[in-house]
Every structure is written in structure tokens, then in C-alpha cells.
Amino acid sequence: MTLRLYNTCTRKKEEFKPITEGKVGIYVCGVTVYDSCHVGHARSALVFDVITRYLKYRGYEVTFVKNFTDVDDKIIDKAKATGLPFSEVAERYIREHNEDMDALGVERPTVAPRATDHIGGMIRLIQALFEKGLAYQAGGDVYYAVEKFPSYGKLSGRGLDDMMAGARVDVNEKKNNPLDFALWKASREGEPWWDSPWGKGRPGWHIECSVMSREFLGETFDIHGGGEDLVFPHHENEIAQSEGASGKPLANYWIHNGFVRINSEKMSKSLGNTCSIKDMLGSCRPEALRLFMLQSHYRSPVDYTDSSLAEAKLGLDRLYSTMQGIKEILAGKTDFSRVTMDSLPARHRGVLDRIDALPVRFAEAMDDDFNTARALGYLFDAVRVTNTYLAEERAAVSAATLFVLNRAKKHFEGTGRALGLLGSDPDDYFLEARDREASVRGLAMEEIERMIEERKQARAAKDWARADEIRRTLAEKKIILQDAGSTTTWKIE
RNA sequence: GGCGGCAUAGCCAAGUGGCUAAGGCAGCGGUCUGCAAAACCGUUAUUCCCCGGUUCAAGUCCGGGUGCCGCCUCCA
């Protein structure tokens, strides 16, 4: 079975062949730390989190590098606006970024380098570009001479002439060609600076990634990723820098995730419709957002709305409710160690076969360019099979039942882990969801528990009128009571 | 102006030329329940934006049209 992935550079799905058997080196462009992360950052982070999780699930040893751009015009602007040193602005948003990612259940990268720790490497790379005749100095600035690099435009699929025709290139008299980009910028008064052969200055945006990827992954590595907006100019320029200097391919595969829209509109600061991760997590649980994102293919645009997120949450409840059902029966602790595949009665065997199909189909979907939407379809298929089985078995649990359910649990947990889902204990999941909702709505838990107790007594006395009255009263507060035998649980609608 | 993408049920969404077009949400009918909820069973696209073409066979390939969207400037 082979993993195939869509390579932006060739615009085709290709079979994945790592440089070193069993290992994968992946570099993803991280954030510029000048503001809080929004849902778009969340998508990118979740996409590459699932990609690295799946690569590990498949047995690869993954080295995942995701950088922080901690010196840049916008950070400097923010520093000026707030009166803080630029390094403190960066520090603050790095910390916030990490908190957000932890909250989303995104695994930390193997290395999270910062641009300012690699200034020396950048200077050396720029010098190498001078030696190759690809860089030129103009005052205290250094630019990359785009037309000296023949394959410029190969990633984004455009030629220099096409781009020249575009009206929106900025006019800068210091550049030989309007498409040339800055490798090094002279610092102005009050801006951070580093000494360099070209005077006091700071690096251009693109150079850091060329340097840090080589530092941690080598001149050529397996996968380079980022948001689709980075294809041009950022990644194109990285290629020009890295390949211009080394003469070797930068990355063998390029992966780009699609954008998030909000209510069918592009999310952007100018439209004022960005939604920060912090805000969003105040009203929804992280796993629901993850499920929502994974229900679309990573390259498609995704439209974020309150209702689509609410739907995803219901889907997540469905998954956890199956996990809860399994847990409940397994808690019976009957010994099933003597059950074997061969001794399994046909009816159980039939269910087991369908459940055992999950990891196989899951891998088949994920191997096809990380098709998480299809993979989730298979997961829900297995959920339905399990639910049916659960409904049939509940009355008379046998050792065979436990054997089958134990296997189901393993498969759900295994595939779930590869997606970053189903990591919580199901009981905790539902209690947490309920208590969170209750506190958001300011409901008094003691009062609810008291009324449930009263209703329990009414039911015992077959006083259905009183029991129903309590149900209705609580229902008005959106509290749904669920009777199961003699116990009653509740949840928020 | 240049480059690229998308159009599948009420909504979201997968679909790698060939058995009955995944899955989720919503809806409807039923089972279960004192009543409910959850769960389960059944049901919801004779058809995949439109028009041509290739093929024994097309949602899937090709050409044309229409409609959305992205990038080309900082952006995940």
C-alpha cells in the first residue's frame, strides 16, 4: 500500500517516497507573531497536525519543523503602537500561539525555531547568493535577482512575463526588476538591527525559512507545507534562495491547505470578520472544530459558520456516545481471554469482520492524499455497525461480545488518535460538555439535581403527572432528561 | 489582464470510467420508552450546473457555455 499525495509543484498526486526509508522530514511555515491566531491558522495547524499524526500512525519517524517569524514589519509596527520592545511583542504572541495550539490538541512540532536565532545563517546564505550572482546590493538593502534564476515561477506555475504583465507589482526604484525581493533590509531609526556586511539591517521575510529548513532538515527534505496563499511569493522565493544556492531541490513534495471562509466571505482583517481561536473556543469545544475541518478535504475551501460547527458537534457526540456504550459494557469485566477468532460464533464474527475493516479502509482513504472526509465516513460506518451490535447485545452480554467490543474500541482509538479525535474518556466528554453549557447559561446544578431526585420519587410512585411536569419545567431551560432504567441523566439541548 | 480551482439531495460533503452515487446534519415513518431522550430499523439524488463529444460504459475523460471562488500586494 502506498501513500499518495498531491504535489503543488507538479499539480498531480504522486506516490510518496521518503529520502530516507522510514523517515520523513517536514517543514511548515508557521506564523508571524504580531497578533492572535485565528480560525485560518487553526485550519492550517490542524491539517498539518493530522498529516504528521498519520505519518506516525503509518510508522514513519517524523521530524516536523514549524517556525516562528519573530522579526518583521508588522511586529515592529505593533511594538511602536504598544511601546513594547519588538522582542516582547513576539514573545507574547508566541506564548499565545502555543496556548491556542495546545487547546486545539495540536501536537508540538519536533523543532519550533525562531528567525532571530538564525541571523548568522541568513547572512551566510545571502553571501552564497552573491557568489552565485543571484543577489545584488542597493544601498543598505540586498535583493534577489529573480531573472537570474531560470526556474523562477515553477511552483506557482507562472512565468516571469506573466507576472510582469500583472499591474499590481510594487514600484521600488532600488530594484532592478519589480519582482526582485528583499533578502536584507537596511534598518531605519528605532528598528531592530543586526550587523552584516551590508550594514545594520534585518532579514527579508523569505530568507529565514530557507535557512531554518536547511539547518534542521538538510538541503533537500521530504515535505514542505503551508497555507495556499504562501505558494506565491513566499514559497517560490524560498525555492529561488535555497535552490539558487545549493543547486539541489528544496523539497520533494509541496502541500498547501485551502482557506477558511466565514459565512461565505473571505476572512480578512480588512473585512473585520476574523475569528480568533480564543474567542471560538469560548463557545465550542476544540474537537468539534477539528471534526468540522476534517470533514472537508484539506485542499478545499471551507466555510465556517455557527451552524456548521454545531452540526460537527452533534457528529462528535455521536462518536463519543458509541465509545460510551462500549465502555459501559466493557466495564462489566467478564473475562474474555479465552475467546479466539475461531471460537467466535458466526453472528459475532460477522460484526467483527465489519469492524476490522475500519483500519484497512481508514488507511486506504488517508493514503489517498489524506482524504480525511472519506476516512471519517468509514469511521461513522463502523460506528453504526457497533451501535447496532450494542443494541442487540446489551440485554445479554457474553464473552464474545466483550471480545468484539474490545477490538472495536482499539480500532476507534487507533484511528481516532491518527486524526486527533476521541482522546477523551467518553464519560468525561459528556460531563464536560454538559457542565460547560450549564455554566455558560448560569444554571444551578444543585437545583437540577434536586428536581431530578424529586422526579425519581414521583416516578417510583407512578405519579406520571408530576414526573412530566418536572420534565417540562427543565425542558423549558433546555435541559433534556434521559431515563435509563432507574437512573436519570441530563444534558443541555 | 495573467494563472488556477470549484459546481453532487434541504444543508455540509466524499467519490482514483464499470456492481445498489460514501458519510454527517436536518426531515419523515417505525421499534424501544409510563411519556420522552439516546440508540436502532426503514425512507429521503432514475441522477451529479447546461450543451456537445470520446467510449461497450462518464458524476468521473475531452471541447464549449454559465455561475461562484482563490492567487497575482502582507496573509495560514
Side-chain angles (χ1 to χ4, degrees), chain A residues 4 8 11 13 28-32 34-35 37-48 72-74 153 156-159 161-170 179 205 225-234 236 256-261 264-270 274 291-292 295-297 299-303 305 307-308 310-319 321-322 324-325 361 364-365 368-369 371-381 383-384 387-392 394 459 462-465 467-468 471-472 475 480-484 488-491 493:
Chain A
R4 304 182 78 238
T8 307
R11 277 159 281 273
K13 279 187 203 172
V28 173
C29 292
V31 294
T32 300
Y34 72 102
D35 205 351
C37 291
H38 53 65
V39 182
H41 296 109
R43 184 181 195 195
S44 187
L46 289 169
V47 162
F48 289 101
D72 153 277
D73 289 351
K74 290 191 292 291
S156 50
R158 48 190 110 197
D161 297 340
D162 297 335
M163 288 188 272
M164 293 300 279
R168 296 208 273 175
V169 277
D170 89 287
L179 291 164
W205 174 34
E228 66 178 359
D229 55 317
L230 296 181
V231 174
F232 189 90
H234 185 55
E236 196 71 72
H256 293 95
N257 66 275
F259 258 45
V260 175
R261 294 187 304 195
S264 307
E265 269 186 339
K266 182 187 169 171
M267 183 170 63
S268 75
K269 300 228 160 160
S270 56
T274 58
L291 181 63
F292 165 69
Q295 272 176 323
S296 295
H297 186 85
R299 279 188 282 119
S300 312
V302 81
D303 196 7
T305 64
S307 65
S308 56
E311 281 177 19
K313 193 233 160 225
L314 290 168
L316 190 63
D317 285 351
R318 183 171 165 82
L319 295 177
S321 123
T322 300
Q324 194 174 36
R361 301 170 89 199
E364 171 248 316
D368 183 13
D369 195 29
N371 195 328
T372 52
R374 202 159 83 211
L376 282 169
Y378 295 147
L379 190 64
F380 278 103
D381 272 342
V383 158
R384 198 181 45 256
N387 281 341
T388 305
Y389 183 66
L390 240 23
E392 288 165 358
R394 220 180 292 268
R459 290 182 73 214
K462 295 207 190 301
D463 180 358
W464 307 128
D468 288 351
R471 179 189 286 288
R472 270 196 305 278
I480 309 297
L481 299 183
Q482 301 183 319
D483 296 330
T488 298
T489 55
W490 60 277
K491 66 171 186 178
E493 189 176 299

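Base contact: A/H38 has a heavy atom under 4.0 Å from a base atom. Within the 4.0 angstrom heavy-atom criterion, base atoms lie near A/G377. Note on A/Q482: a base of the nucleic acid sits closer than 4.0 angstrom, heavy atoms only. Base engagement by A/G258 is indicated by at least one non-hydrogen atom pair under 4.0 Å involving a base atom. Looking at heavy-atom distances under 4.0 Å, A/R4 makes no contact with the nucleic acid at all. Counting any heavy atom pair closer than 4.0 Å across all strands shown, A/R11 reaches no nucleic acid atom. Across all strands shown, A/T388 has heavy atoms under 4.0 Å from sugar-phosphate atoms exclusively, and none from any base. At a threshold of 4.0 angstrom between heavy atoms, the contacts of A/G157 are confined to the sugar-phosphate backbone, with no base atom among them. Within 4.0 Å of A/E392, counting heavy atoms only, lies no atom of the nucleic acid at all. Using a 4.0 Å heavy-atom distance criterion, A/K266 is classed as a base contact. Here A/L379 lies out of heavy-atom contact (under 4.0 Å) with every strand. Residue A/D303 is classed as having no contact, given no heavy-atom separation below 4.0 Å to the nucleic acid. Looking at heavy-atom distances under 4.0 Å, A/V39 makes no contact with the nucleic acid at all.
Ranking B/A13, B/A37, B/A38 by closeness to the A/I480 side chain, first place goes to B/A37. Out of B/C41, B/A14, B/C25, the shortest distance to the side chain of A/S300 is found at B/A14. Of all nucleotides listed (B/U16, B/A36, B/A38), B/A36 comes nearest to the side chain of A/D483. Distances were taken from every side-chain heavy atom of A/R158 (C-beta onward) to each of B/G23, B/G2, B/G34; the shortest belongs to B/G2. Side-chain proximity of A/V260 to the nucleotides B/A76, B/C11, B/A37 is greatest for B/A76. Among the nucleotides B/G34, B/C11, B/A39, the one closest to the side chain of A/E311 is B/C11. Taking the side chain of A/R384 as heavy atoms from C-beta on, and the options B/G24, B/A14, B/A76, the nearest nucleotide is B/G24. Of the candidate nucleotides B/A26, B/A39, B/A37, B/A26 has the atom nearest to the side chain of A/L314. Nearest nucleotide to the side chain of A/D468, out of B/G34, B/A37, B/A39: B/G34. Comparing B/A14, B/A76, B/G23 by their closest approach to the side chain of A/D229 singles out B/A76.
Base-pair partner of B/A58: not found among the strands shown (Watson-Crick or G-U wobble, both distances under 3.5 Å). In a base pair of the Watson-Crick type (N1 to N3 plus N6-O4 or O6-N4) or a G-U wobble (N1-O2 and O6-N3), with each distance short of 3.5 Å, B/U47 is matched with no nucleotide. Nucleotide B/G70 has B/C3 as its partner under the Watson-Crick or G-U criteria, with both atom distances under 3.5 Å. Taking a pair to require two hydrogen-bonding distances under 3.5 Å in either a Watson-Crick or a G-U wobble arrangement, B/A14 remains unpaired. Taking a pair to require two hydrogen-bonding distances under 3.5 Å in either a Watson-Crick or a G-U wobble arrangement, B/C40 pairs with B/G30. Pairing of B/C19, defined by two Watson-Crick or G-U wobble distances under 3.5 Å, is not identified with any nucleotide. Pairing of B/C35, defined by two Watson-Crick or G-U wobble distances under 3.5 Å, is not identified with any nucleotide.
Atom CZ in A/F292 sits about 15 Å away from atom C1' in B/A14, given to the nearest Å. Taking atom CG of A/D463 as the reference point, atom C1' of B/G34 lies 12 Å away to the nearest angstrom. Distance CZ (A/R299) to P (B/G4): 16 Å, rounded to an integer number of Å. Straight-line distance from the CZ atom of A/F380 to the C1' atom of B/C12: 12 Å, rounded to whole Å. Atom pair A/R471:CZ and B/G34:P shows a separation of 12 Å (rounding to whole Å applied). Rounded to an integer number of Å, the gap from A/N257 CG to B/G5 P is 18 Å. Computed from coordinates, the A/E364 CD to B/G23 C1' distance equals 14 Å when rounded to whole Å. One interatomic measurement links the two molecules: CG of A/N387 to C1' of B/C41, which rounds to 13 Å at whole-angstrom precision.
The heavy-atom pair separating A/T322 from A/L390 by the smallest distance is O-CD2, 4.0 Å. Smallest separation of non-hydrogen atoms from A/F259 and A/R43: O-NH1, 3.2 Å. Of all the heavy atoms in A/T372 and A/S296, the pair that sits closest is OG1-O, 3.6 Å.
A salt bridge is absent between A/D317 and A/K491; no separation between the charged side-chain nitrogens and carboxylate oxygens falls under 4.0 Å.
The 5' end of RNA chain B is approached more closely, in terms of each residue's nearest nucleotide, by A/L481 than by the other of A/L481 and A/P233.
Comparing the P positions of B/U16 and B/G27 gives an interatomic distance of 31 Å, to the nearest angstrom. Separating the P atom of B/C50 from that of B/U55 is a span of 23 Å, rounded to the nearest Å. For the P atom pair drawn from B/G23 and B/C41, the interatomic distance equals 11 Å after rounding to whole Å. Atom C1' of B/A22 sits at a distance of 14 Å from the matching atom of B/C12, rounded to the whole Å. Comparing the P positions of B/A21 and B/G59 gives an interatomic distance of 11 Å, to the nearest angstrom. Between B/G18 and B/G1, the distance separating the two C1' atoms is 44 Å to the nearest Å. Spacing of C1' atoms, B/G10 relative to B/G4, comes out at 31 Å, to the nearest Å. Comparing B/A76 with B/A14, their P atoms sit 24 Å apart, to the nearest whole Å.
One cannot find a donor-acceptor pair under 3.5 Å joining the base of B/C74 and the side-chain atoms of A/D73. The base of B/G23 does not come close enough to the side chain of A/R374 for any donor and acceptor atom to sit less than 3.5 Å apart.
In this structure, the separation between CE on A/M267 and CG on A/D303 is 11.0 Å, given to the nearest 0.5 Å. From A/R471, atom CZ reaches atom OG1 of A/T488 across 8.0 Å, with rounding to the nearest 0.5 Å.
In the model, A/T8 has a side-chain atom that pairs as donor or acceptor with a side-chain atom of A/H256 under 3.5 Å.
Ring-to-base geometry places A/F259 in a stacked arrangement with B/A76 (centre distance under 5.5 Å, plane angle under 30°).
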Exercise for the section: Would you check, one step at a time, whether the test salt bridge (charged side-chain N to carboxylate O under 4.0 Å, His left out) holds for A/K74 with A/D35? Expected result: CA-CA 9 Å; A/K74 290 191 292 291; A/D35 205 351; over 6 Å; no
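No donor-acceptor pair under 3.5 Å is formed between the side chain of A/D368 and the backbone N or O of A/N371.
Between A/D369 and A/R4, the closest side-chain pair of non-hydrogen atoms is not below 4.5 Å.
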